[in-house]
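Computed from heavy atoms alone, side chains included, the values below leave out hydrogens, waters and symmetry copies. Below, chain A is the first sequence line, B the second, and so on; all start at residue 1.
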2 protein chains.
Amino acid sequence: MERPRNISRVVDGVDRVDDLVDRRPPSVTLTEVAQRAGVSRATAARALGGYGSASAAARDRVLAAAAALGYRPNLPARNTRNGTTTTVGVVVADIASPFFGQSTRSISDAAKAAGLEIMVLNTDEELEAERAAVHLLLDQRVAGMVVAAASRTDGRHLAQAQAEGVPVVLLDRRVIGLDADRVYADNGAGAALAMAELIGQGHRRIGYVSSAAGPHGHPPGAPLVVDELVSSGGDRIRAYLAALAEVVDEPTRYLALCPFGEEAAYAATRELLARPDRPTAVFASDSVIALGVLRAIADAGFAVPGDVAVVAGDEPAWSRVTTPPLSTVTQPVAALGRAALELVTRRLADPTSPCTDVVLPTTFQARASTGGSVGA
Amino acid sequence: MERPRNISRVVDGVDRVDDLVDRRPPSVTLTEVAQRAGVSRATAARALGGYGSASAAARDRVLAAAAALGYRPNLPARNTRNGTTTTVGVVVADIASPFFGQSTRSISDAAKAAGLEIMVLNTDEELEAERAAVHLLLDQRVAGMVVAAASRTDGRHLAQAQAEGVPVVLLDRRVIGLDADRVYADNGAGAALAMAELIGQGHRRIGYVSSAAGPHGHPPGAPLVVDELVSSGGDRIRAYLAALAEVVDEPTRYLALCPFGEEAAYAATRELLARPDRPTAVFASDSVIALGVLRAIADAGFAVPGDVAVVAGDEPAWSRVTTPPLSTVTQPVAALGRAALELVTRRLADPTSPCTDVVLPTTFQARASTGGSVGA
DNA sequence: TTGTATGCGTTATCAT
DNA sequence: ATGATAACGCATACAA
């Protein structure tokens, strides 16, 4: 029962503080501060901005006037004048997803420490939305942007941002042909470790469920070009296929590239499990995919790890509360975000130095979901 | 092994697009568009802005010129002139937490549909950080803000925003004495349903683990004033205590208000479970708390629901992949975010109408973690 | 319909 | 050390 209601005077049992209403935007300007302090705007600006020179007496009067009036600078005006802002754009697929949520949080923390704010834009992995987001950020005159690019092959909008002097830092994903600072985890190495574990336990029919092919998945039958997938996913898949190629003839047999989201992963996993020669292990590319994979296995009536072993390609917060606990590949998400923002500020400070790759290590965290050797 | 390395010329096996560099910010201005179109700035502005009047011929020439030059408006300049922006501030405890992550995402979606962007600021439940965030947003001249207030009792900074003509919408939490539009879920009703279920199954020693007392928890021994807790948590606790008061003498006996975060919840739960008369059920206030609760129960060697039944006060994405699946109180998170943004735009359109409360329904989702009746 | 002229609040140059 | 003055790019009242 939704019950919108109007409450006018009484809130939480307490009378409204009426005298706050209708007090029009004070919006004290620099001019008013200067007048009250009895100096020119230029002097007031210098005193407040702490640049140029101003006598101690003048500075004191200005600061006192500013405090008395409750002066707060008008940032859009300042930004107009300066030609740039203190805002950093963050462009990701979905701020509500665990990986991007955490990275964005840590970007935000690092930004705050550097005196910057962030503007977050979601793309849902749609290139068109990403283009719009980047252009919006350029119009906003952001100081820089951190982008988890939806397309590995089309970075023209990002190159344009760079051309306009706006630093672009690629997070989690590389873009072909774009010379930008990048920060990502060594997902290939992590996946290789996980595969080594599974193969060492005797698994050969190992499934892989991933949304690396973008929002719409990978059309069955279409040629698969791993190099065109989002690089983080592509790196994992490449490692998966390489490991599998060592021990089986047809490594792509159980590779399922689905649209992104838990439900798509669920469906893809059900399909894998319905095959007569079903996989004995499944690699889930990330936390969200893992949810679908686990539910599909349970609904199909299989046990983990007895019937199907499971590994997740990154670390869900809930990895230790499933039964059995989930084996994962962990990546240092907070460090990725911090590094991304650091690269932005570095490039701001030195726009011409060669681009940097920051590649952070991943580790394989063995838990009970890859618990034993293969039975059947 | 972190291995930062510098790559200069070759990226992903493809040569750098060199001619993109050093192409200085084109930053085409309205003036240039007007010149190229052979009209005045005013005419160009009208044609581009689609207001006032302009002949079809002039408009065409202006639009053509704008397209040819790649004109993009300078938003800070526009905002300076207009005195406001198209940005909505979102102030929450932690964008990386599931509830705020999802709400923020849905606020963002609704904002985009309304032609607005969001600027996200985290407070970690610290009032001081919230004040700074609100002031920053005011300086940025945001069009409005959505705030999940850290303090139920101190909303002066929010009142100031209102006084400056900036709409403030309270999300998830009410603030005493602040007459603002609000949107929140009926958490009390949800908690009551969950408690009814537990009590109906015979549970009497029901624990409650919550971070509603803010970032530092509730000092043991200090008087507990439920009315001063964050309202969403307070509503749940009130319902919990009311239900318990019907059947036991000392309803506050198992109420554990811990600092926020999984680890604090873990510790609090371990303490509850170590008591000689340990609880037979535990209510976890939210998803993050639930993680700590479940791990604590497992580590203490108890089974769910056999030894301890568990309910979570909101719906974690992973509620169906635990063993057993977790009983939850669900709230319509996406709808909350949408409603919040809608209230912002409504108040923008009509600054004087009485404030609105949007209270959305919660439901109790029974799963196996509250599976049976009480044994011991 | 169109152009002129002015202002938004800030920063910064350049005389004094 | 200080103040007058000019920008920044855009929007708009008003005159033509």
Side-chain angles (χ1 to χ4, degrees), chain A residues 24-63 65-66 69-87 136 138-143 164-165, chain B residues 24-63 65-66 69-87 136 138-143 164-165:
Chain A
R24 281 296 77 195
S27 204
V28 180
T29 74
L30 183 64
T31 305
E32 302 173 57
V33 173
Q35 282 174 346
R36 185 181 231 261
V39 299
S40 70
R41 290 189 342 228
T43 302
R46 283 190 291 256
L48 287 168
Y51 65 96
S53 42
S55 66
R59 176 160 40 246
D60 288 351
R61 290 216 312 285
V62 169
L63 294 182
L69 265 35
Y71 169 77
R72 315 236 77 226
N74 180 320
L75 263 24
R78 170 180 296 176
N79 297 337
T80 299
R81 168 67 210 206
N82 291 347
T84 185
T85 64
T86 54
T87 301
L136 173 61
L138 290 177
D139 296 354
Q140 297 276 10
R141 299 298 189 266
V142 292
E164 297 191 11
Chain B
R24 282 295 77 196
S27 203
V28 180
T29 75
L30 184 62
T31 306
E32 303 173 56
V33 173
Q35 282 173 347
R36 184 179 232 261
V39 298
S40 71
R41 290 186 348 221
T43 302
R46 284 189 289 256
L48 287 168
Y51 64 95
S53 42
S55 66
R59 175 159 42 245
D60 289 350
R61 290 216 312 285
V62 169
L63 295 181
L69 295 171
Y71 170 76
R72 314 237 75 225
N74 180 321
L75 262 24
R78 172 180 295 175
N79 296 335
T80 299
R81 163 71 209 205
N82 291 346
T84 186
T85 65
T86 53
T87 300
L136 173 61
L138 291 176
D139 296 354
Q140 296 276 12
R141 300 299 190 266
V142 293
E164 297 192 11

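- For the pair B:Leu63 and B:Leu48, the minimum side-chain heavy-atom distance is below 4.5 Å.
- Under the 4.5 Å side-chain criterion, counting only non-hydrogen atoms from C-beta, A:Glu164 is in contact with A:Leu138.
- Checking A:Thr31 against B:Ala54, the closest nucleotide of DNA chain C that is more toward the 5' end is the one next to B:Ala54.
- If you check distances only, the side chain of B:Arg46 does reach the base of C:dG3 with a donor-acceptor pair under 3.5 Å.
- Rounded to whole angstrom, the span from the CG atom of B:Asp139 across to the C1' atom of C:dG9 amounts to 13 Å.
- Per the geometry, CZ belonging to B:Arg141 stands 18 Å off P belonging to D:dA11, to the nearest Å.
- The phosphate of D:dG3 (OP1 or OP2) has a side-chain N or O of A:Thr43 nearer than 4.0 angstrom.
- At a threshold of 4.0 angstrom between heavy atoms, the contacts of B:Leu30 are confined to the sugar-phosphate backbone, with no base atom among them.
- One can place CZ of A:Arg59 at 9 Å from P of D:dA1, the figure rounded to the nearest angstrom.
- Under 4.0 angstrom from either OP1 or OP2 of C:dT10 there lies no side-chain N or O belonging to A:Tyr51.
- End-to-end axis angle of the helix from C:dT1-D:dA16 to C:dT16-D:dA1, from C1' rotation axes over five pairs per end: 40° (rounded to 10 degrees).
- Atom pair B:Leu48:CG and D:dT12:P shows a separation of 13 Å (rounding to whole Å applied).
- Within 4.0 Å of A:Ala42, counting heavy atoms only, lies at least one base atom of the nucleic acid.
- Using a 4.0 Å heavy-atom criterion, one finds that A:Pro73 contacts the sugar-phosphate atoms exclusively.
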Considering only nitrogen or oxygen atoms on both sides, find all protein atoms under 3.5 Å from nucleotides 6-8 of chain D and state each distance.
{"residue": "D:dA6", "atom": "N6", "partner": "A:Arg41", "partner atom": "NH2", "Å": "3.1"}
{"residue": "D:dA7", "atom": "N3", "partner": "A:Arg81", "partner atom": "NH1", "Å": "2.7"}

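- The nearest heavy atom of DNA chain D to B:Arg78 and to A:Ala56 marks one nucleotide each, and the one closer to the 5' end goes with A:Ala56.
- Between B:Val62 and B:Val33 the shortest heavy-atom distance is O-CG1, 3.8 Å.
- B:Pro73 and B:Arg78 make their closest contact through CB-NH2, 3.4 Å (heavy atoms, listed as atom of the first residue, atom of the second, distance).
- Contact check for B:Asn79 versus B:Arg141: no side-chain heavy atoms found under the 4.5 Å cut-off.
- Using a 4.0 Å heavy-atom distance criterion, A:Ser53 is classed as a base contact.
- Nearest heavy atoms, B:Thr87 versus A:Gln140: OG1-NE2, 4.2 Å.
- Between A:Asn74 and A:Thr29 the shortest side-chain heavy-atom distance does not fall below 4.5 Å.
- Side-chain proximity of A:Val39 to the nucleotides D:dA11, C:dT10, D:dG3 is greatest for D:dG3.
- Remark: A:Ser55 is in phosphate contact with D:dT2, judged by side-chain N or O atoms under 4.0 Å from OP1 or OP2.
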TODO: May I have the step-by-step check of side-chain contact (heavy atoms from CB on, under 4.5 Å) for B:Thr85 and B:Leu75, ending in yes or no?
DONE: CA-CA 8 Å; B:Thr85 65; B:Leu75 262 24; over 6 Å; no

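- One can place CD of B:Gln35 at 15 Å from C1' of D:dC10, the figure rounded to the nearest angstrom.
- Listed here is the closest heavy atom pair of B:Leu30 and B:Ala44: CD1-CB, 3.8 Å.
- Whole-Å rounding puts the A:Gln140 CD to D:dG9 P distance at 16 Å.
- A:Thr84 approaches A:Ala143 most closely through the heavy-atom pair OG1-CA, 3.8 Å.
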